[in-house]
Amino acid sequence: MSRSITSSTANAHAKPAARRNALPARLSPGMACDTAFRIIARRHLDAVLAQHDGTCRGDPDALHQIRIALTHLRTAIRFFSPMVDDARRPNVWAELKWLNGQLGMVRDLDVAIERVVAESGDELAVIAELQHWDEKRAESHRLLARALQSARYRRLVEQTSMWIDSGPWSTRRSKEAIRLRRRTLADHARERLTDWETTLLKKARKLKRLDVARRHQLRLLNKRLTYSVESLADLFADGAAAAKQKSMLKQLRKAQRSLGQLNDDVRGQALASSLNGAVLDAGHRFLNRKREKKLLRTASVAYRKLDKTKRFRSSDLAPSSEPEV
């Protein structure tokens, strides 16, 4: 039987001696990318650990927050590739993906049950048909709590923490590896944000013609860009840059909410179809063409407005002349 893990235990694993030298509290434009990655990744790993106990207890909000923190962490790894693409990264990535999968089933059931109840009021027939959903949710949570208390989870926390602080990516001596680590955060961020936004908007122009799978990929691109801009909040300090960030996030979040609700509908329908008995009728509550058209229209408008926003320039982030350590 695996022993229980607490937040304090997890944090102890997350703070090896090599990390005792405190990182800067905030990001800065001229900061070197290796330092910036450690700050951002550490923030999100710590956020995952902070929600561990609540998630184990079955708190839906803690579950939601731990998923957000985990997605932020995975996004940071993508944002700083190829700098961090070393021999250990695939294993770190696979374990983070495993954890996300453990969290996903319970969260999908929470969202689906909440949706059915909200739209049906206190209809006794609906409450009765959801009994099986509640049973499935309880079973899924037991499996999730077991995963979060497992040796595999403890290894994930420790190995991810060590990789962030001192993985092979941080000591490679090739000229390219050194260049990537020393590059200023402002230059890397401008290039990455521009590339990701360009790709997102190109795909978004075909939004109404996308099938479910491609629409899901667009949602992931949207989330990736949104979370990256949020993680770089320290860089948008002055008026013009802060206003641009606020405008960008406003449209990205509008599109994300709409695409997220569409994805929840698809997941809810899949869950309903996977359960037997009267619950099959619940699946029809997630199929609403009028709702789908409205959500697609909202997302499309948000992307058109985002497309009119000027792209980030290096001057928006005011990089300093020398990289900071």
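Owing to the predicted nature of the structure, the values given are computational and were not obtained by experimental measurement.
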Assess whether a salt bridge exists between Arg182 and Asp34, defined as any Lys/Arg side-chain N lying under 4.0 Å from an Asp/Glu carboxylate O.
no
With rounding to the nearest 0.5 Å, note down the distance linking CZ in Phe37 to CZ in Arg181.
13.0 Å
Locate the shortest heavy-atom distance separating Leu73 from Ala41; write the atom from each residue and the value.
CD1-O, 3.7 Å
Note: Arg38 and Ser170 closest approach over all heavy atoms is NH2-CB, 3.3 Å
Stepwise salt bridge (charged side-chain N to carboxylate O under 4.0 Å, His left out) check, Glu230 with Arg253:
CA-CA 11 Å; Glu230 289 175 347; Arg253 287 168 178 164; 2.8 Å; yes
Kindly work out whether a path of hydrophobic side-chain contacts (I/L/V/M/F/W/Y, heavy atoms less than 4.5 Å apart) joins Ile164 to Trp98.
yes
Any Glu135 side-chain heavy atom under 4.5 Å of Ser140 side chain
no
Pair Leu262-Val212, side chain to side chain contact (heavy atoms under 4.5 Å, CB included): steps then yes or no
CA-CA 9 Å; Leu262 288 168; Val212 170; over 6 Å; no
May I ask you to establish whether Arg89 and Trp163 are in a cation-pi arrangement, using a distance under 6.0 Å from NZ or CZ to the six-membered ring centre and at most 45° from the ring axis?
no
Under 3.5 Å side-chain donor-acceptor pair for Asp195 and Thr198:
no
Rest of the hydrophobic cluster containing Tyr227 (Ile/Leu/Val/Met/Phe/Trp/Tyr, side-chain heavy atoms under 4.5 Å)?
Ile68
For Arg291 and Asp265: C-alpha separation, side-chain torsions, deciding distance, then whether side chain to side chain contact (heavy atoms under 4.5 Å, CB included) applies.
CA-CA 10 Å; Arg291 169 183 164 85; Asp265 289 352; 2.8 Å; yes
Is it true that Glu292 and Arg297 have a side-chain N and a carboxylate O under 4.0 angstrom from each other?
no
Do Ile77 and Trp93 touch side chain to side chain, with heavy atoms closer than 4.5 Å?
yes
Once the angle between the rings of Phe80 and His188 is folded into 0 to 90°, is it parallel (under 30°), tilted (30 to 60°) or perpendicular (over 60°)?
parallel
Can we say Arg155 and Glu95 salt-bridge, meaning some charged N sits less than 4.0 Å from an Asp/Glu carboxylate O?
no
To the nearest 0.5 Å, what is the distance between CD (Glu158) and CE (Met162)?
6.0 Å
Output yes when Arg137 and Asp110 qualify as a salt bridge under the 4.0 Å nitrogen-oxygen rule, no when they do not.
yes
Honestly curious: do Leu27 and Leu23 fall in one hydrophobic cluster under the side-chain, below-4.5 Å linking rule?
yes
Go through the steps for Tyr153 and Gln102 under the test side chain to side chain contact (heavy atoms under 4.5 Å, CB included), then give the verdict.
CA-CA 11 Å; Tyr153 175 79; Gln102 299 298 309; over 6 Å; no
Check: Leu99 and Leu103 side chains under 4.5 Å, non-hydrogen atoms
yes
Should Gln159 and Asn91 count as side-chain neighbours, where that means a heavy-atom distance under 4.5 Å?
yes
Gap separating the NZ atom of Lys250 from the CG atom of Leu306, nearest 0.5 angstrom
12.5 Å
Do Leu252 and Leu200 have side chains that approach each other closer than 4.5 Å (heavy atoms only, starting at C-beta)?
yes
Quick one: pull up CG in Leu70 and CG in Leu45 and give me the separation to the nearest 0.5 Å.
9.5 Å
To the nearest 0.5 Å, what is the distance between SG on Cys56 and CD1 on Ile66?
7.5 Å
Is there side-chain contact between Lys244 and Phe236, with at least one heavy-atom pair below 4.5 Å?
no
Would you say the side chains of Arg42 and Ser161 form a donor-acceptor pair under 3.5 Å?
yes
Could you please spell out the steps behind the side chain to side chain contact (heavy atoms under 4.5 Å, CB included) verdict for Ser228 and Leu193?
CA-CA 8 Å; Ser228 295; Leu193 292 178; 4.2 Å; yes
If every non-hydrogen atom of Ala299 is compared with every non-hydrogen atom of Leu207, which pair is closest and at what distance?
CB-CD2, 3.7 Å
Side-chain donor-acceptor pair under 3.5 Å between Thr160 and Arg88, yes or no?
no
Would Arg179 and Glu176 count as a salt bridge (charged side-chain N to carboxylate O under 4.0 Å, His left out) here? Give the steps.
CA-CA 5 Å; Arg179 184 189 72 81; Glu176 179 63 6; 2.9 Å; yes
Rounded to the nearest 0.5 Å, the NZ atom of Lys290 sits from the CG atom of Leu295 at a distance of 12.5 Å
Closest non-hydrogen atoms of Arg173 and Ile178, given as atom of the first, atom of the second and distance, are O-CD1, 3.5 Å
If you look at every heavy atom in Gln245 and Ala233, which pair is closest and at what distance?
NE2-CA, 3.7 Å
Pair Asp59, Thr55: side-chain N/O donor-acceptor within cut-off below 3.5 Å
no
Would you confirm whether Thr35, through its side chain, and Met31, through its main-chain N or O, come within 3.5 Å as a donor-acceptor pair?
no
Whether over 12 other heavy atoms sit under 6.0 Å from Arg214 CZ
no
What one should report as the nearest heavy-atom pair of Ser81 and Arg192 is O-NH2, 2.6 Å
Measure from the side-chain N and O atoms of Gln251 to the backbone N and O of Lys305, and report whether any donor-acceptor pair falls under 3.5 Å.
no
Charged N to carboxylate O below 4.0 Å: is that the case for Arg43 and Asp234?
yes
Non-hydrogen side-chain atoms of Thr199 and Leu225 separated by less than 4.5 Å
no
Test your reading of the model: is there a side-chain donor-acceptor pair from Thr298 to the backbone of Lys294, 3.5 Å cut-off?
yes
With the threshold set at 4.0 Å, does a side-chain nitrogen-carboxylate oxygen contact exist between Arg183 and Glu191?
yes
Looking only at side-chain N and O atoms, does Ser231 offer a donor or acceptor that is under 3.5 Å from a partner on His44?
yes
For the hydrophobic clusters of this structure (ILVMFWY residues joined by side-chain heavy atoms under 4.5 Å, transitively), does one cluster hold both Met248 and Val301?
no
Any heavy-atom pair between the side chains of Arg215 and Lys206 that's under 4.5 Å?
no
